[in-house]
There are 2 protein chains.
Amino acid sequence: MSTIVNRRDLDFLMYETLQLDSLLETDRYNDYDREAVTAILDLAQSIAEDKFQPFAGFLDENEPQFVDGKVEIIPQVKEAIDAYKEAGLFLTGYDADLGGMQLPWMVHQALNGVFVTANTSVSNYAFLTQGVANMLHACGSDELKQKYLPKLVEGEWFGTMCLSEPQAGSSLADIRTKAERREDGSYKITGTKMWISGGDHEMTDNIIHMVLAKVPGGPEGVKGISLFLVPKHQVGDDGAIGESNKIALAGLNHKMGHRGTTNCLLNFGESGETVGYLVGEENQGLTNMFHMMNEARIGVGMAATVIGLGGYLYSLDYARNRPQGRHLANKDPKTPMVMISEHADVKRMLMTQKVYVEGAHALMLYSAKLLDEQKLATTEQDKMRASLLLELLTPICKSWPSEFCLEANKLAIQILGGYGYTREYPVERYYRDNRLNHIHEGTHAIHGLDILGRKVRMADGAALKALVQEINADIARANKHAELGWYGERLTAAMAKVDETLAAVSMAKDMSLALANATTFLDAMGHVVIAWMWLKQATAASNGQQQGAAHDADFYAGKLAACKFFYKYELPKAMAKFDLVAELDDTFYSVEASQFTGQ
Amino acid sequence: MSTIVNRRDLDFLMYETLQLDSLLETDRYNDYDREAVTAILDLAQSIAEDKFQPFAGFLDENEPQFVDGKVEIIPQVKEAIDAYKEAGLFLTGYDADLGGMQLPWMVHQALNGVFVTANTSVSNYAFLTQGVANMLHACGSDELKQKYLPKLVEGEWFGTMCLSEPQAGSSLADIRTKAERREDGSYKITGTKMWISGGDHEMTDNIIHMVLAKVPGGPEGVKGISLFLVPKHQVGDDGAIGESNKIALAGLNHKMGHRGTTNCLLNFGESGETVGYLVGEENQGLTNMFHMMNEARIGVGMAATVIGLGGYLYSLDYARNRPQGRHLANKDPKTPMVMISEHADVKRMLMTQKVYVEGAHALMLYSAKLLDEQKLATTEQDKMRASLLLELLTPICKSWPSEFCLEANKLAIQILGGYGYTREYPVERYYRDNRLNHIHEGTHAIHGLDILGRKVRMADGAALKALVQEINADIARANKHAELGWYGERLTAAMAKVDETLAAVSMAKDMSLALANATTFLDAMGHVVIAWMWLKQATAASNGQQQGAAHDADFYAGKLAACKFFYKYELPKAMAKFDLVAELDDTFYSVEASQFTGQ
């Protein structure tokens with residue numbers, strides 16, 4: 001059994017639940033059929049298992065070192081990425097006009113997920129590079145694209161995102177990095193950037209930084225932010241690597257997890273002139289950066305999900321093979337021990353992991369499909385519908401797996417007991433790696449404000465209306481199976497609760513108070529959306545039971561049990577949370593900082 | 001502000017909430033008054049801050065090494081313990097007849113907690129030793145006590161507990177370590193013990209292991225387990241250290257947290273004869289071990305609590321001093337940034353930490369007081385009442401802080417954002433250290449079975465009845481403050497729900513199914529007990545508002561807000577959980593291992 005991917009489940013999600021086959025019939029994607037997608041996933045899985053997974057623990061114990069001003073990384077990292085590159089996998093997400101494979105984004109995400117589970121720290125280098133290439137492609141000038149894009153697309157050079165500064169993390173309005181116009185139209189960049197993943201290393205000849213900075217004299221706050229491409233080394237017009245661009249590595253951050261990904265403090269323009277090139281227009285930096293943010297945030301959600309998956313699969317395999325104790329009713333110590341998967345609480349922990357991980361996985365792939373549908377839309381209305389749904393779901397995609405698939409990782413450790421708490425087993429590393437996902441690409445709190453303060457009201461509530469339509473259509477589909485009727489009723493009741501909650505929030509006089517419980521709303525709304533994903537899966541499983549192969553009987557029974565578990569054990573948690581949001585509770589909002597300890 | 005202890009709160013809990021002063025008036029403890037207790041806590045805090053806290057991060061990064069068959073530990077560890085020893089702090093928990101300080105157990109626990117927060121890994125060595133000394137004192141022969149006890153009490157030699165084996169963690173019935181009688185009445189010990197904290201090192205001249213083993217020919221299962229004292233080095237009748245007792249260090253475990261505490265795999269009797277000495281009677285090993293288990297388990301709960309406290313205090317201090325962003329209603333980027341403690345979601349995370357940590361702290365000190373009351377009881381009835389309450393509460397003491405103070409640590413990281421995720425700040429270490437507490441001293445699941453399967457029915461339900469009496473008496477006290485009436489009502493309703501749940505469980509025909517949701521019950525029952533602790537604190541705070549000093553106004557207001565928060569945001573979570581337990585839900589119980597992935 002693979003401990004990084006459950007291919008049966010991935011097929012179930014992509015084809016039976018989310019109709020990937022219909023995407024493959026479109027002109028855009030008809031280079032691929034199911035067989036071709038399977039072959040690509042086979043290839044990805046084999047490279048991930050052979051080249052990425054084996055040294056994930058070793059890399060965690062041997063993190064990059066800062067030696068003589070340079071970053072030293074164990075050679076396996078480059079070897080793994082080389083194998084990924086040589087297999088052409090850097091190209092899965094790009095369109096054909098960029099030299100890419102033009103796979104459906106759903107498949108691209110599924111495939112990337114396999115590498116995250118296998119070795120999160122290594123996968124970061126590749127996915128950051130893909131993000132930078134997509135951003136440059138969307139917003140850059142032809143000149144910049146010509147010079148930098150092919151190298152990024154092929155994975156010859158890696159890319160980074162430089163947003164945060166020591167004094168400005170969530171508050172981008174307060175960044176201080178300066179970009180001053182030079183005579184030739186380029187800019188002189190000065191300032192310090194913090195938390196730069198992949199910020200420096202010697203694995204590629206060049207590193208392309210996407211840097212947020214302010215042009216002096218521009219508007220205050222976020223309206224004065226511009227986006228710049230800043231290479232580690234200058235690049236000549238012939239594409240040859242030139243002089244150093246004077247970006248000084250000021251230090252490495254040492255994280256709890258993601259230890260194999262260099263994370264840097266970088267000084268621009270401190271030891272000489274650093275030159276940057278404007279991407280898009282001046283003062284449009286945030287818009288350009290956010291251009292790719294939905295993809296990036298679904299990527300984070302997918303990472304959180306599949307790190308959860310790694311723990312789930314590993315602990316399931318362990319539970320089925322570790323003998324310990326006997327059934328409760330059996331007091332005879334002479335009888336053999338049973339596998340711990342026989343113990344009720346271990347089943348509870350496995351089931352909880354399953355509903356979190358497979359529920360989140362469905363949402364990530366569904367959202368990736370919305371990105372595909374945006375591209376495929378032939379009418380403005382279809383495109384708008386996909387865009388609105390995606391905008392509304394993005395904060396949940398980013399946040400729900402960060403919270404609940406981390407919880408899944410906690411349970412995986414528990415199933416392994418003392419062993420799970422040691423670095424000889426991967427589950428504690430998953431737990432450490434996954435803890436980052438609440439923090440980067442917008443904190444949990446920021447996504448709460450985004451969904452409750454903005455997204456649910458966006459376009460006069462059209463996004464929420466589109467969501468309700470989708471959910472109702474799925475309830476109607478589910479209702480063809482009599483045994484699923486109860487779930488549809490619960491989901492309808494939950495959506496009614498969402499309505500009531502939002503009505504109460506919209507009536508609030510004090511918007512700051514109304515948004516005080518935004519994080520609580522985010523978590524609760526996430527539970528409703530995941531309940532919807534489980535209804536989709538239950539419907540597909542019921543269809544499968546009627547039409548599918550007999551050897552899938554256990555698989556479908558497990559899916560239906562999981563749906564039941566989510567509706568009985570998880571969905572009720574959301575209801576009490578909506579009540580708190582709706583009543584505009586001010587219990588913590590009105591507390592002064594001095595009251596926490598009285599000092 | 002100290003980041004390891006809030007002395008104002010400790011005083012509030014000990015004196016205003018739990019009436020430590022009444023303990024100090026008894027003959028047993030009247031060597032101490034409040035001033036003396038304060039002085040001892042001052043001393044402990046100063047040693048913890050000066051000698052333990054400064055190198056906690058360094059120790060975490062420089063864990064013990066296995067070199068040439070020996071354990072190398074950085075010298076600061078011994079220096080810290082020497083300072084603790086020289087201050088006489090090894091003696092705080094022992095009675096005067098042992099040469100101890102005979103402090104109330106409540107004070108002893110409070111004081112130990114300060115060292116756990118400061119440097120968990122170092123504190124483990126001392127507290128394990130105290131546990132072994134207490135066990136030997138309670139169960140050992142005069143001969144053994146004379147030879148080993150003084151050295152343990154003084155902290156000259158350290159002690160360990162050797163229960164688990166590679167194939168037997170939770171299932172002690174299946175241990176294989178053998179103890180064969182020798183002619184002189186001692187035993188030859190052979191076998192392998194796993195997860196031995198403090199199992200080997202060179203910091204003391206000797207290490208005294210308490211080892212569970214089976215005498216061949218004895219009963220099967222747990223009824224055939226005996227307890228042995230097994231020294232690392234033989235000890236002559238004159239007390240001099242003799243030859244090696246042939247306990248081989250087979251390896252060190254490398255944990256996610258507690259990295260500064262050596263954790264060993266030990267082989268007994270592999271490289272020569274290992275001699276052990278029976279403690280108590282043959283086949284009474286488990287009973288003897290459990291003799292001290294309530295203390296040990298409250299100790300684990302206290303550790304989980306104060307590690308949570310460390311994160312709470314650190315993140316509170318950070319939040320009050322880190323500027324970032326502006327109030328939601330303020331869109332002007334030219335205005336100065338505010339401290340993040342002004343942001344609603346940061347307040348929510350601080351308040352959540354506060355209710356978890358200070359609620360758990362109250363329970364730990366309350367339970368420690370029950371240990372004191374056992375000792376002070378002048379009637380069999382009083383003693384029985386304290387014992388029953390303690391037995392009932394012990395699984396909650398062990399488990400609730402492990403779950404919820406870990407959650408507090410997760411939130412502390414979030415408040416520090418990217419910084420919190422790095423090893424340059426202590427909060428990620430707290431999160432790693434605290435994850436152990438679900439696992440050792442009985443897993444979360446085992447305590448669930450203990451409380452629902454045994455403790456609530458114990459002595460014909462007398463323990464539960466005693467608890468109800470205690471809670472009702474506190475509700476009556478609270479009701480003297482009109483504004484606390486609502487909490488009493490909520491708590492009464494929660495206790496009624498507990499009753500209903502237990503009635504439903506007791507009617508079950510299939511006890512295994514009835515206990516399937518035992519962990520869910522444990523968590524929910526814990527919430528009810530912590531709600532009770534918050535009502536106690538709210539009552540004390542209301543009294544304080546009427547009678548206390550004006551400079552405490554913020555402190556008391558914070559306590560009352562926290563009580564409200566717990567009742568509004570936390571207690572409702574328990575209600576849905578009781579429903580699941582009461583309906584004997586079989587959703588996961590009936591799932592087969594093959595259904596999780598269909599393979």
Side-chain angles (χ1 to χ4, degrees), chain A residues 1 6 8 169-171 173-174 195 220-221 253-256 316 320 324-325 328-329 333-334 337 341 344-345 347-348 350-351 354 414 417-418 421-423 428 436 438-439 445 512 515-516 519 552 554-555 557-558 561 564-565 568 572 576 585 587-589 591 593-599, chain B residues 1 6 8 169-171 173-174 195 220-221 253-256 316 320 324-325 328-329 333-334 337 341 344-345 347-348 350-351 354 414 417-418 421-423 428 436 438-439 445 512 515-516 519 552 554-555 557-558 561 564-565 568 572 576 585 587-589 591 593-599:
Chain A
M1 178 178 138
N6 177 359
R8 177 67 191 89
S170 294
S171 177
D174 298 291
W195 311 123
E220 296 284 338
N253 299 306
H254 298 96
K255 291 183 173 181
M256 172 163 65
L316 174 62
R320 285 165 161 182
Q324 184 92 173
L328 271 189
K334 279 174 291 190
M337 297 197 281
S341 58
D345 202 59
K347 289 186 187 185
R348 180 186 66 82
L350 290 171
M351 187 54 95
K354 180 181 172 77
Q414 192 68 15
Y421 191 67
T422 67
R423 279 127 58 204
E428 66 86 34
L436 178 62
H438 288 77
I439 298 170
S512 300
L515 294 176
T519 309
D552 271 338
D554 271 355
F555 179 81
K564 186 175 170 196
F565 184 86
K568 292 199 87 166
D585 179 79
T587 306
F588 62 81
Y589 178 74
V591 169
S594 58
Q595 293 177 337
F596 285 106
T597 53
Q599 287 158 7
Chain B
M1 177 178 139
N6 177 359
R8 178 66 192 92
S170 293
S171 177
D174 299 291
W195 311 124
E220 295 284 339
N253 299 305
H254 298 97
K255 291 182 172 181
M256 171 163 64
L316 175 62
R320 285 165 160 181
Q324 183 91 175
L328 271 188
K334 280 175 289 189
M337 296 197 279
S341 57
D345 201 58
K347 288 187 186 184
R348 180 187 65 82
L350 289 171
M351 187 53 95
K354 180 180 172 77
Q414 192 69 15
Y421 191 68
T422 67
R423 279 125 61 202
E428 66 85 33
L436 178 62
H438 289 76
I439 299 169
S512 300
L515 294 176
T519 309
D552 271 337
D554 271 354
F555 179 81
K564 186 176 170 195
F565 184 86
K568 291 199 89 165
D585 178 80
T587 306
F588 62 81
Y589 179 74
V591 170
S594 58
Q595 293 176 337
F596 285 105
T597 53
Q599 289 159 2

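Only this structure's heavy atoms are used, side chains among them; waters, hydrogens and symmetry mates stay out. A note on names: the letters A, B, ... follow the listed sequences, proteins ahead of strands, and every chain is numbered from 1.
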Checklist entry - Side-chain contact, heavy-atom cut-off 4.5 Å: B:Tyr589 with A:Arg348? => result no
Checklist entry - Which one, B:Gln414, B:Lys354, B:Met351, leads in non-hydrogen pairs under 4.5 Å with chain A? => result B:Gln414
Item to check | Backbone N/O of A:Tyr421 and side chain of B:Lys255: donor-acceptor pair under 3.5 Å | outcome: no
Item to check | Top contributor to chain A contacts, counting heavy-atom pairs under 4.5 Å, from B:Ala445, B:Ala576, B:Ala173, B:Ser341 | outcome: B:Ala445
Next on the checklist: Quick check for you: among A:Ser170, A:Gly325, A:Ala593, which has the greatest number of heavy-atom pairs under 4.5 Å with chain B?
Outcome noted: A:Ala593
Checklist outcome for this item: The interface call for A:Arg320 against chain B, heavy-atom contacts under 4.5 Å, is side chain
Next on the checklist: Quick check for you: among B:Ser512, B:Gly558, B:Gly418, B:Pro572, which has the greatest number of heavy-atom pairs under 4.5 Å with chain A?
Outcome noted: B:Gly418
Checklist entry - Are the side chain of A:Lys347 and the backbone N or O of B:Val591 linked by a donor-acceptor pair below 3.5 Å? => result yes
Item to check | A:Asp554 and B:Gln595: CA distance, side-chain angles, deciding distance, side-chain contact (heavy atoms from CB on, under 4.5 Å) verdict | outcome: CA-CA 5 Å; A:Asp554 271 355; B:Gln595 293 176 337; 3.8 Å; yes
Next on the checklist: Whether the A:Asn6 and B:Thr597 side chains hold a donor-acceptor pair (N or O, under 3.5 Å, no angle test) is what I'd like checked.
Outcome noted: no
Checklist entry - Given a strict heavy-atom distance threshold of 4.5 Å, which part of B:Arg423 is in contact with chain A: side chain, backbone, both, or neither? => result both
Next on the checklist: Counting heavy-atom pairs under 4.5 Å with chain A, which one of B:Asp552, B:Leu515, B:Asn253, B:Leu350 comes out on top?
Outcome noted: B:Leu350
Item to check | Evaluation steps, side-chain contact (heavy atoms from CB on, under 4.5 Å), between A:Met337 and B:Asp174 | outcome: CA-CA 9 Å; A:Met337 297 197 281; B:Asp174 299 291; 3.1 Å; yes
Checklist entry - Which distance, rounded to the nearest 0.5 Å, do you find between the NZ of A:Lys568 and the CG of B:Asp585? => result 4.0 Å
Checklist entry - Between A:Arg8, A:His254, A:Glu220, which residue shows the highest count of heavy-atom pairs closer than 4.5 Å to chain B? => result A:His254
Checklist entry - Checking B:Lys564 against chain A: side chain, backbone, both or neither under 4.5 Å from a heavy atom? => result both
Checklist outcome for this item: Heaviest contributor of heavy-atom pairs below 4.5 Å to chain B, chosen from A:Ala516, A:Ser594, A:Gly417, A:Gly221, is A:Ser594
Item to check | Residue A:Leu316 versus chain B: region with a heavy atom under 4.5 Å | outcome: side chain
